[in-house]
Student: 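Dropping the structure in here first, questions after.
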2 protein chains.
Amino acid sequence: MVKRVRGSTTGRPIMRLLDLLGRRWTLRIVWELREEPRRFRELQDAIGASPTIVNSRLAELREAKLVELDADAGYRLTALGRELLRLFLPLHLWSEKWAKAI
Amino acid sequence: MVKRVRGSTTGRPIMRLLDLLGRRWTLRIVWELREEPRRFRELQDAIGASPTIVNSRLAELREAKLVELDADAGYRLTALGRELLRLFLPLHLWSEKWAKAI
DNA sequence: CCGGTCGCTACAGAAATTGTAGTAACGGAG
DNA sequence: CTCCGTTACTACAATTTCTGTAGCGACCGG
């Protein structure tokens with residue numbers, strides 16, 4: 001009994017990734033961690049979600065090795081997480097163009 | 001009374017975009033449309049979601065001018081949607097690397 | 001011992017999603 | 001004309017997810 005990835009029957013990496021990132025607040029959390037580590041409550045206040053779900057998403061992101069908790073600094077992106085973020089950075093610029101178009 | 005974007009108080013483009021893309025199935029739908037237009041049912045079967053939610057997401061994506069419905073061909077990405085997709089394409093390759101790491 | 005912060009959890013109510021069924025419009029075959 | 005298949009899409013109850021609030025246990029400085 002293989003642990004099925006939500007919404008995907010194949011388990012292909014891209015599907016697993018899209019599934020992970022396509023959950024409420026996940027992209028937003030990665031985005032909030034783009035510059036510096038954040039504390040749990042700090043992160044929660046920044047995005048305005050319930051602690052329950054912030055904790056769930058952080059657990060998922062930690063399991064995916066994209067985020068880690070440093071006792072001194074707080075939550076931060078791992079090396080893998082920073083790689084992912086780098087792929088997403090162009091979105092920032094593009095979103096400005098998109099906003100003008102709609 | 002400004003129409004508030006879910007989870008965002010600022011309405012900044014990047015937040016609106018992250019909010020839109022951070023909804024269940026949205027990223028997946030864009031991904032499924034990467035190569036060729038798809039019919040409603042075809043899309044629904046491919047991703048395995050309920051018609052209700054497929055229709056909601058398509059409506060949001062159409063409002064965001066990322067997807068359009070061509071009566072002959074089916075649903076397809078707009079020029080804007082293809083631009084966004086292009087930003088996401090590197091994810092495919094990266095996801096393979098990520099899958100090995102976790 | 002007290003008061004603050006830390007990550008995190010419990011839980012009831014609200015909202016989103018699912019799964020199934022079905023609608024209305026169109027087109028082609030008989 | 002009727003029948004059949006296809007199209008996009010909707011209705012609705014059951015289920016799952018998320019929210020909002022409160023609070024726990026551990027730690028630390030005064």
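Just so you know, these numbers use all the heavy atoms, side chains as well, and skip hydrogens, waters and symmetry mates.
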Student: Are the charged groups of B:Glu83 and A:Lys97 less than 4.0 angstrom apart, N to O?
Tutor: yes
Student: Name the one of A:Leu43, A:Ile53, A:Leu69 that satisfies side chain to side chain contact (heavy atoms under 4.5 Å, CB included) with A:Leu58?
Tutor: A:Leu43
Student: Nucleotide by nucleotide, 5' to 3', does protein get under 4.0 Å of the base (B), only the sugar-phosphate (S), or neither (-) in nucleotides 20-28 of chain D, counting heavy atoms?
Tutor: BBBB-----
Student: Within the structure, does a side-chain N or O atom of B:Trp25 lie under 4.0 Å from either OP1 or OP2 of C:dA16?
Tutor: no
Student: How close or far is atom C1' of D:dA8 from atom CG of B:Asp72, stated in whole angstroms?
Tutor: 14 Å
Student: Could B:Arg76 and B:Glu68 be called an ion pair, given the rule that one side-chain N must be under 4.0 Å from one carboxylate O?
Tutor: yes
Student: Distance check: side-chain N/O of B:Arg57 vs OP1/OP2 of C:dT17, anything under 4.0 Å?
Tutor: yes
Student: Rounded to whole Å, how long is the line connecting atom CD1 of A:Ile29 with atom P of D:dC18?
Tutor: 11 Å
Student: For the pair B:Glu96 and B:Lys100, find out whether any cationic side-chain nitrogen is under 4.0 Å from an anionic carboxylate oxygen.
Tutor: no
Student: Measuring from atom CG of B:Leu66 to atom CG of B:Leu33, what distance do you get when rounded to the nearest 0.5 angstrom?
Tutor: 10.5 Å
Student: Given atom CG of B:Asp45 and atom P of D:dT6, what is their separation to the nearest angstrom?
Tutor: 12 Å
Student: Side chain of B:Asn55 only, please: which of D:dT10, C:dT18, C:dG7 is the nearest?
Tutor: D:dT10
Student: What's the closest nucleotide to the A:Arg24 side chain, out of C:dG7, D:dC18, D:dT17?
Tutor: D:dC18
Student: Could you state the atom-to-atom distance from CZ of B:Arg28 to P of C:dT18 in whole Å?
Tutor: 12 Å
Student: In whole angstrom, give the distance that lies between atom CG of B:Leu58 and atom C1' of C:dT17.
Tutor: 15 Å
Student: Less than 4.5 Å apart, any side-chain heavy atom of A:Pro13 and any of B:Trp94?
Tutor: no
Student: What does A:Arg38 touch in the nucleic acid at a heavy-atom separation under 4.0 angstrom: a base, only the sugar-phosphate, or nothing?
Tutor: nothing
Student: Please state how far atom CG in B:Leu61 lies from atom P in D:dA8, giving the value in whole angstrom units.
Tutor: 16 Å
Student: Return the value, rounded to whole Å, for the distance between atom CD1 of A:Ile53 and atom P of C:dA14.
Tutor: 18 Å
Student: In terms of the nearest nucleotide of DNA chain D, which residue is placed more toward the 5' end: A:Val54 or B:Arg39?
Tutor: B:Arg39
Student: If you count heavy atoms of other groups shown closer than 6.0 angstrom to CG of A:Leu93, is the number above 12?
Tutor: no
Student: Between C:dA25 atom P and B:Phe40 atom CZ, what is the distance in whole Å?
Tutor: 18 Å
